[in-house]
Amino acid sequence: EVQTVESGGGLVQAGGSLRLSCAASGFTFDDYAIGWFRQAPGLEREGVSCISSSDGSTYYAASVKGRFTISSDNAKNTVYLQMNSLKPEDTAVYYCAAIEDCTVVAGSIDYWGQGTQVTVSS
């Protein structure tokens, strides 16, 4: 079974930083892209960032570009999301998912884990 487990969330002041981790298992890590998504209360789940398995290309939502950095440690089957200059509007539950490629949108993903809560105070 393909499984991804998020960790690293917490409470941080605006302008602070957090590093999220996504530990993957149950599949060949190099054959998948890993996407980060988030869902704030009352809003739809949205894509945040993605790293491609084919060439290592990275992608970011406009709202986080320049502040967030996605990276991978293939030996550890782990993807990270470094979040800097956090804003209150970044407050959400963050999820990671193994996907075919980085064109996959959140609405097409059927199964989600528990996610990790990120709360940014003003």
Going from CG on D101 to OG on S57, what distance comes out if it is rounded to the nearest 0.5 angstrom?
11.5 Å
To the nearest 0.5 Å, what is the distance between CG on L86 and OG on S17?
6.0 Å
Exercise: do D73 and T78 side chains pair donor with acceptor under 3.5 Å
no
Residue pairs fulfilling disulfide bond (SG atoms under 2.5 Å apart) with at least one residue in residues 67-122, sequence neighbours excluded
C22-C96, C50-C102
Taking atom OG of S7 and atom CD of Q114, what is their separation to the nearest 0.5 Å?
13.5 Å
Nearest 0.5 angstrom please: N84 CG to T69 OG1, how far?
6.5 Å
Are R38 and Y95 in a cation-pi setup, meaning NZ or CZ lies under 6.0 angstrom from the ring centre and within 45 degrees of the ring axis?
no
N/O donor-acceptor pair under 3.5 Å between T91 side chain and V120 backbone
yes
Distance in Å, L81 CG paired with R19 CZ, rounded so as to fall on 0.5 Å steps
10.0 Å
Taking the side chain as everything from C-beta on, heavy atoms only, tell me whether L11 gets closer than 4.5 Å to Q117.
no
Under the side-chain contact (heavy atoms from CB on, under 4.5 Å) criterion, do V118 and L20 qualify, and how do the steps go?
CA-CA 9 Å; V118 172; L20 306 185; 4.1 Å; yes
Is V12 reachable from Y94 through a run of hydrophobic residues whose side-chain heavy atoms are each under 4.5 Å from the next?
yes
Once you round to the nearest 0.5 Å, how far does OG of S72 lie from CD1 of I34?
9.0 Å
Would you kindly confirm whether Y32 and I99 end up in one hydrophobic cluster when ILVMFWY residues are joined by side chain heavy atoms under 4.5 Å apart?
no
Could you work out, with ring pair (Phe, Tyr, Trp, His ring centres under 6.0 Å) as the rule, every residue matching Y80, not counting sequence neighbours?
none
As a quick check of understanding, evaluate side-chain contact (heavy atoms from CB on, under 4.5 Å) for R67 and D90, giving each step before the final call.
CA-CA 11 Å; R67 300 187 297 119; D90 295 318; 2.8 Å; yes
Tell me the closest heavy-atom pair linking A33 and S53, and the distance in Å.
N-OG, 3.8 Å
Would the distance check show the side chain of T116 and the main-chain N or O of G9 forming a donor-acceptor pair, the cut-off being under 3.5 Å?
yes
Would you say S49's side chain and Y59's backbone share a donor-acceptor pair under 3.5 angstrom?
yes
Any side-chain heavy atom of V79 within less than 4.5 Å of one from I51?
yes
Mind listing the closest non-hydrogen atom pair of T4 and A24 along with its distance?
CG2-CB, 4.2 Å
Could you work out, with ring pair (Phe, Tyr, Trp, His ring centres under 6.0 Å) as the rule, every residue matching F37, not counting sequence neighbours?
W112
Please check if the number of heavy atoms outside E100 that lie under 6.0 Å from its CD is greater than 12.
no
Could you tell me whether the side chain of Y60 and the main chain of I70 form a donor-acceptor pair under 3.5 Å?
yes
Quick one: do W36 and E6 satisfy side-chain contact (heavy atoms from CB on, under 4.5 Å)? Show the steps, please.
CA-CA 10 Å; W36 282 98; E6 308 90 344; 4.0 Å; yes
